[in-house]
Amino acid sequence: MDTALADRLAARHHLHSQGWIARRSEHFHHLPPPALEAWIGPEPDAPACEAPALSGAGWLLQPVGPAATAGVDARWLDALDPAQRNALFADLPGPGDGEAAPFAWAHRALCRQGLRLRIHTPPGKATADCDTVWLHLHHQPRDTVEAPLLVLALEPGVRCVLIETHDRAPSACGHALVQNLHTHIHLAEGAQLQHLRLALPQAQDRMAQHVHARLAQGARYQQALVATGAAYHLQRTVVQLQGANAQARTAALLLPAGQVLEQQVHTRLDAAHTAAHTEVLALAADHERVVANAHSRIAPGAHEAQVRQRLSGVALNGQPRMVLRPHLEILHDQVQATHGATWGRLPEDALFYALQRGLDEAQARALLTEGMARAVLERAFNDDPGAQALAQWLDSGVLAQALARQLQAEVPHAA
Amino acid sequence: MTPSTPLLQVRDLRVDVGERTVLRSVHLDVAAGSLVVLMGANGSGKSTLGMALAGHPAYRVASGQALLGGTDLLGLSAHERARQGLFVSFQAPPDVPGVKNNLFIRTALNAQRQAQGQAPQDAFDFLADARESAKRLGLPESLLGRPVNEGFSGGERKRNELLQLALLRPRLALLDEIDSGLDVDGVRAVLALVQHLRAQGTAFIVVSHYLQLIEQLQPDAVLRLDQGCIAQSGGLELAREIARSGFGPKATAPSTAPTAAAHTVEA
């Protein structure tokens, strides 16, 4: 038996012996994930599914805008090949035993391919002479049950704008997709990543996407996420601010679109003068369910660390179930931390203002909804070139497409 | 509707807000191109008249009639009233988070144009008009690209109301204390815009407490609202009298009988 297969079987064995996430788990009880069997697919040596394969090609990488002056190394690796598997998982933390560890073990058990990206300053060039690297990474599923991997490393001082998209037509074989995606990001000293993420699964898909980011001294990570609901959809981001002065900002627009959606953002401030801002806007209607968790931990010795959490839910109509859970764990005295969660309707004064100017109810609600969504996402990217990237991205129809899913899923109500 | 029919006809309008009757019986005619100044003590119902005509859901019309160009305003929803040509400026214009000012106004303008069977104005033409109007009103061009009223000063909010007025070109505009928060240049901009739009047939109801502005507006009539009814009507001399003596102690409620008649204002 080769080491790749042995690794996969060992992960399966671990899962079977340790069990899956308990339905009463504190971290997942508002939206329990489907059972283990859904995530690991058939046994590695079982006959393949007889349905036609999906037509996707995994990760598709393309540069955006002007040619990059920094170096971009991309390696597509086969996780079923022992040597390539070693290279793919090299230097990544193990699955561990945290609350979401079963997802990581399931990923090890199933992962068949991955992409490693390294962005660096070419030899003989100064980092300051390199422009921001713009990349678009689109993922198309290759299997109906899959566990893709992305590993992204930015070397010291490098700046990158990454647009990552997950949207697809319904699968050709009629199967709903089950995806357990793991992304590992490492930002070296002074590196900056502005990460625009779009996750629009089909209604019957079950999707769990995990982003693990580690930031060295002075590194900056900004993430703007637009996600729509599915039969199950989890977006989980863990940011570890390991070096002094590292900063992270995440902003998410959550649109259950007739289904369910959960986001978990964990920020760990391990060093002095680190800052983490988390903002979420959930827009839901009727009987949809959406859960947003923000958990920040300020470690002992993280002097002058700053945390801000702002979770907002807007009921567009009906009585959706929105769970907004800010959480702070502070283990050092000299820090600043604020958190808040608010729940309400679209602002009535602004709605009437728009009606008085001649917009009908549907136009006014759509305009206000898009405006609120934009405002939240723009706050994650409060400087160039991120702000410019975000504006272009949002103007490209991405936001309109996501909001259309949400608004189309609503049951029509009398004005 | 004949050429002599007033643009706005309000008859025996009664408006309740919550459990309270704010307007008891208002009669008012306003001709196209004319300007009426509405004065009254705090709580007399001036803003209520605007909000009720605009169709705000908190202002419940209990009885009466309001016709704009012969169309029954009260039978229309708020946006339909706006599309009939009614513009009501807000005393405290609200923020519209994340919606850029130029997008907001262009969407409103094109909604109105479409309702009137006109082609929508394209973004470039609109922006040219908006820049020109903003310049005339002393509104920094940068505010066109910012979210509506977000972070605007009081004066900028009022100028932004004027910008919308200039671009939407309504048939009837009710300006509720448009001068408050405006500096002298802003007041001049109000006067110039009102004069320009009046010449094109827009009628105005202006709520103001300031005699200097009222005199410069050259109103066709000045009305005093008291306890939900139009208690007095006259010309500039009434505004001067109010400025000199104030609104005085609250008298017993004025008669609500139709003998109060419509306060007709012709251009």
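Throughout, a chain's letter reflects where its sequence line sits, starting with A, and its residues are numbered from 1.
- Residue A/Glu370 does not touch chain B at all, counting heavy-atom pairs closer than 4.5 Å.
- Within a 6.0 Å radius of CD in B/Gln195, no more than 12 heavy atoms belonging to other residues, nucleotides or ligands are found.
- With a 4.5 angstrom heavy-atom cutoff, B/Asn149 touches chain A only via side-chain atoms.
- For A/Ala364, no part sits under 4.5 Å from any heavy atom of chain B, backbone or side chain.
- A donor-acceptor pair under 3.5 Å is absent between the side-chain atoms of A/Arg374 and the main chain of B/Gly98, judged by distance alone.
- With rounding to the nearest 0.5 angstrom, the OH atom of A/Tyr353 is 13.0 Å from the NE2 atom of B/His56.
- In this structure the side chain of A/Met372 never reaches within 4.5 angstrom of the side chain of B/Val99, judged on heavy atoms.
- Within the 3.5 Å criterion, the main-chain N or O of A/Arg357 finds a donor-acceptor partner in the side chain of B/Gln112.
- When all heavy atoms are compared, the tightest approach of A/Gly358 to B/Ala111 is O-CB, 3.4 Å.
- A 6.0 Å sphere centred on CD of B/Gln118 holds more than 12 heavy atoms belonging to other residues, nucleotides or ligands.
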side-chain contact (heavy atoms from CB on, under 4.5 Å) between B/His79 and A/Leu359, intermediate numbers included | CA-CA 6 Å; B/His79 76 275; A/Leu359 280 75; 5.8 Å; no
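- Within the 4.5 angstrom heavy-atom criterion, atoms from both the backbone and the side chain of B/Leu86 approach chain A.
- For the pair A/Leu367 and B/Val96, the minimum side-chain heavy-atom distance is 4.5 Å or more.
- Options A/Ala350, A/Pro347, A/Ala373 differ in how many heavy-atom pairs under 4.5 Å they form with chain B, and the most are formed by A/Ala350.
- Aromatic ring pairs are classed by plane angle as parallel below 30°, tilted from 30° to 60° and perpendicular above 60°; the pair A/Phe352 and B/Phe90 is tilted.
- Side chain of A/Gln356 to backbone of B/Met51: no donor-acceptor contact under 3.5 angstrom is found.
- Interatomic distance, A/Asp360 CG to B/Glu80 CD, rounded to the nearest 0.5 Å: 9.0 Å.
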